[in-house]
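Quick notes on the structure that follows.
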Amino acid sequence: MKVISTVAELRSTIGDLRRQGRTIGLVPTMGALHAGHLSLIEKARTDCDIVVTSIFVNPTQFNNPEDLRTYPRTVEADCASLEKSGVDFAFIPTVEEMYPEPDTRQFNLGPVAEVMEGPMRPGHFNGVAQVVSKLFSFVNPHKAYFGEKDYQQIAVIRRMVEIEGFDIEIVACPIVREPDGLAMSSRNVRLTPDQRAIAPSIHRVLIQSLEQARGQSVAEVESFVTRAINSIDGLEVEYFTIVDSLSMQPLTQWADAKSGTAVGCVTVYCGEVRLIDNITYAL
Ligand code: PAF
């Protein structure tokens with residue numbers, strides 16, 4: 001595996017490989033890699049000739065400075081796991097390399113970004129669009145891989161691809177879970193042992209809601225999930241919203257899901273740690 005830290009070297013190296021007819025897969029990450037990231041890399045390896053993984057904790061997508069400061073940074077261990085996973089290139093730029101000047105672009109992300117994480121984390125999705133669009137233009141991959149834990153982020157990235165006219169396939173990969181059901185996340189390392197013990201309840205309640213969804217209304221299921229999670233000491237729901245799986249628009253009735261699938265997206269505070277998860281309701 002070769003580590004690249006400049007945009008110029010990244011562009012020319014990957015550009016040459018593309019011109020030679022190799023297919024390029026990109027897995028953007030913020031590091032602190034876990035099995036969820038490795039599953040994206042594994043999928044990219046089976047689909048593409050060359051896999052590029054970026055590690056960059058992108059300041060423009062953090063609306064909370066404390067979250068940016070405490071975001072886990074484990075570059076050495078990350079490089080070792082990328083090497084083992086058969087990644088060809090690790091792109092690890094500095095903030096100055098990615099943002100030689102402030103990025104003032106405002107993306108018109110529209111309705112997919114106006115719900116859930118949109119209002120809860122002002123500026124977050126614009127920051128994601130800024131960094132991912134930069135990575136896309138530097139690497140120009142055929143395919144890019146994202147995890148479904150950040151379900152709404154995938155919809156936002158698809159919208160950014162549409163706006164910018166990138167010819168890149170966005171590949172959504174399933175959530176990878178710990179054996180007890182907790183969705184893998186770089187933020188899980190910040191949980192204390194007591195918090196770690198209760199965090200899997202989030203997924204347990206979401207699974208229970210599948211049963212509820214068979215006979216109950218959207219509002220009833222939303223209320224069930226919110227109450228059940230809040231009843232666990234140490235967990236506090238920020239929002240649980242059931243949306244159409246493509247438009248991200250909140251549903252009032254199951255039948256309103258034009259895509260034919262609804263997704264319940266939840267954000268839960270476990271102490272200071274903000275955990276997110278989701279569940280799909282096949283209608
Ligand atoms: O999902 C993430 O880790 C980040 O939002 C991403 C897509 C790497 C952009 O910084």
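Atoms within a ligand are numbered from 1 in the order they appear, just like the ligands themselves. From a predicted model like this one, the values you see are computed outputs, not experimental measurements.
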Study note, to complete from the structure: From the list Q130, K134, R105, side chain to side chain donor-acceptor pair (under 3.5 Å) with T60 holds only for Q130
Practice item. For M30, counting its heavy atoms only, list the atoms of ligand 1 lying under 4.0 Å from any of them. Key: 3 (O), 4 (C), 8 (C), 10 (O)
Practice item. For T6 and R11, test the side chains for any donor-to-acceptor distance below 3.5 angstrom and give the result as yes or no. Key: no
Check your understanding: Under a 4.0 Å heavy-atom limit, does I157 contact ligand 1 with its side chain, its backbone, both, or neither?
Key -> neither
Practice item. Check the angle between the aromatic planes of F56 and Y99 and answer parallel, tilted or perpendicular using the 30° and 60° thresholds. Key: tilted
Check your understanding: Closest non-hydrogen protein atom to atom 1 (O) of ligand 1, residue and atom name please, with distance?
Key -> Q153 NE2, 2.9 Å
Review point. Against heavy atoms of V131, which atoms of ligand 1 measure under 4.0 Å?
Key: 9 (C), 10 (O)
**Study point:** P28: numbered ligand 1 atoms lying under 4.0 Å from its heavy atoms
**Key:** 8 (C)
Check your understanding: Can you pull the side-chain hydrogen bond (donor to acceptor under 3.5 Å, both in side chains) pairs that have at least one residue in residues 21-33, sequence neighbours excluded?
Key -> T23-D49
Check your understanding: Tell me, which protein residue and heavy-atom name are nearest atom 10 (O) of ligand 1, and how many Å apart are they?
Key -> Q61 OE1, 2.6 Å
Practice item. Hey, could you give me the CD/CG distance between Q195 and L235, rounded to the nearest 0.5 Å? Key: 9.0 Å
